[in-house]
> 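Input: one structure, supplied below.
Not measured: the values here are computed from a predicted model.
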Amino acid sequence: MEERYWQKEIETAPREQIEAWQSERLIDTVKRVYENVPYYRDMMDKAGVKPEDIKSRDDIVKLPFTCKQDLRDTYPYGLFAVPLKDVVRLHASSGTTGKQIVVGYTKHDLEIWDDCTARQLVATGADENSVVHVSYGYGLFTGGLGLHGGAQHIGATTVPVSSGNTQRQLTIMQDFGSTVLCCTPSYAMFLAETAEKQGIPKENFKLKAGIFGAEPWTEEMRHEIEKRLGLEAFDVYGLTEIIGPGVSYGCHAHDGMHVNEDHFIIEIINPETGEPVKEGEQGEIVFSCITKEAFPILRYRTRDIGYVKYEKCSCGRTFARMSKPMGRTDDMLIIRGVNVFPSQIETVLIKMGYLPNYQIIVDTKDNLDTLAVKVEMGEQHFDDVVKEINRRESELAGELKSLLGVNAKVILCAPNSIERSEGKAKRVVDNRKK
Ligand code: DLL
């Protein structure tokens, strides 16, 4: 099949061209924020860097980092670089602790965003004949309106279903002939499960592609969803602070996500030292926005862990590819000194034939951390005798121990006993934080 692009000349531009765009746009953005955002001016003055010091994209390392705390300190509009009258949309992210963070978009920013998500949609094969079913939440969350904008931009028939009401989602998907499904991977799995339970064969759906993101998920889960919904599943990444979904996008190669580098500069740093790491090495992902007018955040520390590579992709795109983030530094659990990401546990569960319906419970006993993993059994296992269930539990515990290097208590539980989410799944209960 011939590869399709939304903006071919940009998505496949030579690396020198991409870097030239980045240099020119970074210089301009730094000037703009220095002039218009007192908070940035102060930060740059404190770091002893002036706009004139930024002569190319390589000088980005001279700029100070921004982090979530800066957004909280300037809540709600303190980092906006244009007057509020030019801001046509606000989005916000709730976060688990502290105040919301608020971001703004000018008309031009929304056009950029539409292009970013349009590139994702077209990379999956979508076009004006597609029926794009958007089940990400609409509202202050960027998922719904982000994909919605891109879908309309490419002229697809856009179905703004938003999240929730699973039964209605399944009916609409069948009756409206949805060809592209956009939602979190955990919700895609739940839709598949519910359809199966109701005896709806996957042939009743016309789905060709799924655009799933907003939470960490594994390659194993991607295959599982593909099999169960009969579609090709693509990974999409983004965060509210940068633009929302469409910061980077998956293609048919499924080998990393293409960063929209004409709008964002990606860096990978050592989270301890703040120094850049080598290409291909894992570290904290940092983004700078180089075309946004209202909220052009620079060197934002995402706390997501991943790596980047610059070689040309087999799809023809030349944009850098970032790996699927394995989680945020703040999602990483430290169990008796060992670092554990929920996604590593998910990999083992799926490999061992379980569905990714699980919950990780961390606690302390006698001042030692304990790790328990509750996993749902499939209907086929549920009739098993206790002895067989015990055997399965120890088998899984053994696999987890060999991959993670820590002991985990595995509790197999009844099908449907773990709560499903319509948005981002809550996988971890850490009772140590109470
Ligand atoms: O989740 C934006 C989004 C909406 C992305 C729809 C993709 C699809 P936030 O709520 O601000 O924004 O959360 C951003 O979610 O820093 C990552 O930790 C995580 N995340 C997003 N996409 C992925 C992904 C939206 N594909 C945070 N894989 C980010 C892993 C992801 N984690």
> Quick one: does any side-chain atom of Ser421 pair with a main-chain N or O of Gly423 as donor and acceptor, under 3.5 Å?
yes
> Set out, in order, the CA-CA distance, both residues' side-chain angles and the distance that settles side chain to side chain contact (heavy atoms under 4.5 Å, CB included) for Arg4 and Asp127, then state yes or no.
CA-CA 10 Å; Arg4 295 181 52 251; Asp127 60 17; 3.5 Å; yes
> Check Val373 against Ala408 and note the closest heavy-atom contact, atom names and distance.
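Result for this residue pair: CG2-CB, 4.3 Å.
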> Going by an N to O cut-off under 4.0 Å, is there a salt bridge joining Glu267 and Arg299?
yes
> Can Tyr187 and Glu422 be counted as having a side-chain donor-acceptor contact under 3.5 angstrom?
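Per modelled atom types, Tyr187 and Glu422 side chains form no pair under 3.5 Å.
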> Does atom NZ of Lys62 have more than 12 heavy-atom neighbours from other groups under 6.0 Å away?
yes
> Would you call Glu35 and Arg41 a salt bridge, using N to O less than 4.0 angstrom?
no
> Consider only side-chain N and O atoms of Glu11 and Tyr249, and report whether a donor and an acceptor are under 3.5 Å apart.
yes
> Once rounded to the nearest 0.5 Å, what's the spacing between atom CE of Met43 and atom CZ of Phe65?
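Going from CE on Met43 over to CZ on Phe65, the span is 10.0 Å.
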> So, does Asp86 use its side chain to make a donor-acceptor pair with the main chain of Val82 at under 3.5 Å?
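The answer is no, because no donor-acceptor pair under 3.5 Å joins these two groups.
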> Going by distance alone, is a donor N or O of one side chain under 3.5 Å from an acceptor N or O of the other, for Ser186 and Glu215?
yes
> Do Glu376 and Arg420 meet the salt-bridge criterion of a basic N to acidic O distance under 4.0 Å?
yes
> Do Thr158 and Gln152 have a side chain donor and acceptor closer than 3.5 Å?
no
> Does the pair Arg222/Asp235 count as a salt bridge with the N-to-O cut at 4.0 Å?
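So Arg222 does not pair with Asp235 through a salt bridge.
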> Using a strict cut-off of less than 4.0 Å between a Lys/Arg side-chain nitrogen and an Asp/Glu carboxylate oxygen, indicate whether Asp255 and Lys309 qualify as a salt bridge.
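Looking at Lys309 together with Asp255, the answer is yes, because their closest N to O distance falls below 4.0 Å.
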> Given the rule in the salt bridge (charged side-chain N to carboxylate O under 4.0 Å, His left out) test, do Asp369 and Arg432 qualify, once you have shown the distances and angles that lead to the verdict?
CA-CA 8 Å; Asp369 301 328; Arg432 295 176 303 184; 3.3 Å; yes
> Are a donor atom and an acceptor atom from the side chains of Ser135 and His133 found within less than 3.5 Å of each other?
yes
> Inspect the contact between Glu241 and Lys68 and indicate whether a charged nitrogen and a carboxylate oxygen are less than 4.0 angstrom apart.
yes
> Could you state the interatomic distance from OH (Tyr237) to CG (Asn260), rounded to the nearest 0.5 Å?
13.0 Å
> With sequence neighbours excluded, tell me which residues meet ring pair (Phe, Tyr, Trp, His ring centres under 6.0 Å) with Tyr136.
none
> With a 4.0 Å cut-off, would you call Lys50 and Asp45 a salt bridge?
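Salt bridge between Lys50 and Asp45, a charged N being under 4.0 Å from a carboxylate O: yes.
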> What heavy-atom pair brings Ala195 and Leu170 nearest, and what distance separates the two atoms?
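Closest approach of Ala195 to Leu170: N-CD1, 3.9 Å.
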> Ignoring hydrogens and angles, tell me if any N or O in the side chain of Glu284 forms a donor-acceptor pair with the backbone of Arg303 under 3.5 Å.
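Flag set: sc Glu284 to bb Arg303 pair under 3.5 Å.
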> Salt bridge between Arg228 and Glu224, side-chain N to carboxylate O under 4.0 Å?
yes
> Taking ring pair (Phe, Tyr, Trp, His ring centres under 6.0 Å) as the definition, give me every residue that meets it alongside Tyr39, ordered by chain and number, with sequence neighbours left out.
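Tyr39 satisfies ring pair (Phe, Tyr, Trp, His ring centres under 6.0 Å) with no residue once adjacent residues are dropped.
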> Examine the side chains of Tyr105 and His91 and answer whether a donor and an acceptor come within less than 3.5 Å of each other.
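Distance-only check fails for Tyr105 and His91.
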> When rounded to the nearest 0.5 angstrom, what distance separates CZ in Arg336 from CG in Asn407?
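The distance works out to 6.0 Å.
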> Please determine whether a side-chain nitrogen of the Lys or Arg among Asp262 and Arg119 lies less than 4.0 Å from a carboxylate oxygen of the Asp or Glu.
yes
> Under 3.5 Å, is there a donor-acceptor pair between the Glu3 and His252 side chains?
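No.
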> For Asp304 and Arg328, what are the C-alpha separation, side-chain angles and deciding distance, and is it a salt bridge (charged side-chain N to carboxylate O under 4.0 Å, His left out)?
CA-CA 4 Å; Asp304 287 327; Arg328 289 197 148 191; 3.3 Å; yes
> Please give me the minimum heavy-atom distance between Ala209 and Phe234, naming the atom from each residue.
CB-CE1, 4.0 Å
> Does a salt bridge link Glu19 with Arg57, judged by any charged N lying under 4.0 Å from a carboxylate O?
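Not counted as a salt bridge, because no side-chain N and carboxylate O are separated by less than 4.0 Å.
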> Sort out for me which residue in Ile285, Val286, Ile242 forms a side chain to side chain contact (heavy atoms under 4.5 Å, CB included) with Tyr300.
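Exactly one option meets the side chain to side chain contact (heavy atoms under 4.5 Å, CB included) with Tyr300, and it is Ile242.
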> Counting N and O atoms only, with roles assigned by atom type, does the side chain of Thr318 sit under 3.5 Å from a partner on the main chain of Ala13, one being a donor and the other an acceptor?
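Looks like yes, one N/O pair under 3.5 Å.
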> Run Trp6 and Gln120 through side chain to side chain contact (heavy atoms under 4.5 Å, CB included) and show every step you take.
CA-CA 8 Å; Trp6 175 241; Gln120 167 70 93; over 6 Å; no
> Run through Asp28, Ile60, Val30, Thr29 and flag the one making a side chain to side chain contact (heavy atoms under 4.5 Å, CB included) with Ile290.
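Between Ile290 and the candidates, side chain to side chain contact (heavy atoms under 4.5 Å, CB included) is satisfied uniquely by Thr29.
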> Tell me, yes or no, whether the heavy-atom count around Gln69 atom CD, taken from other residues, nucleotides or ligands under 6.0 Å, exceeds 12.
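Counting neighbours around CD of Gln69, more than 12 heavy atoms of other residues, nucleotides or ligands fall under 6.0 Å, so yes.
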> Of all residues at least two apart in sequence or in a different chain, which pass the ring pair (Phe, Tyr, Trp, His ring centres under 6.0 Å) check with Trp21?
none
> Under a 4.0 Å threshold between the charged nitrogen and the carboxylate oxygen, would Glu311 count as salt-bridged to Arg15?
no
> Between atom CZ of Phe264 and atom OG1 of Thr291, what is the distance when rounded to the nearest 0.5 Å?
6.0 Å
> Between Val102 and Tyr75, which heavy-atom pair has the shortest distance, and what is it?
CG2-CE1, 3.7 Å
> So His258 and Cys315, side chain to side chain contact (heavy atoms under 4.5 Å, CB included) or not? Walk me through it.
CA-CA 10 Å; His258 292 283; Cys315 74; 3.5 Å; yes
> Please step through side chain to side chain contact (heavy atoms under 4.5 Å, CB included) for the pair Thr240 and Phe141, ending with a clear verdict.
CA-CA 8 Å; Thr240 316; Phe141 176 57; 5.6 Å; no
> What are the two closest non-hydrogen atoms of Leu121 and Ala151, and how far apart are they?
CD1-N, 3.3 Å
> Within a radius of less than 6.0 Å around NZ of Lys202, do more than 12 heavy atoms belonging to other residues, nucleotides or ligands occur?
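Enclosed: over 12 neighbouring heavy atoms sit under 6.0 Å from NZ of Lys202.
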> Return yes if a side-chain donor-acceptor contact under 3.5 Å exists between Glu219 and His254, otherwise no.
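Side chains of Glu219 and His254: no pair found under 3.5 Å.
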> Using only atom types and a distance under 3.5 Å, with no angle test, would you say the side chain of Arg89 pairs donor to acceptor with the backbone of Val87?
no
> Look up atom OG1 in Thr66 and atom CG in Leu298, then write down how far apart they are to the nearest 0.5 Å.
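CG of Leu298 is found 6.5 Å from OG1 of Thr66.
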> Once rounded to the nearest 0.5 Å, what's the spacing between atom SG of Cys413 and atom OH of Tyr358?
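The SG atom of Cys413 sits 13.5 Å away from the OH atom of Tyr358.
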> Which heavy-atom pair separates Gly139 from Leu145 by the least distance, and what is that distance?
O-CD1, 4.1 Å
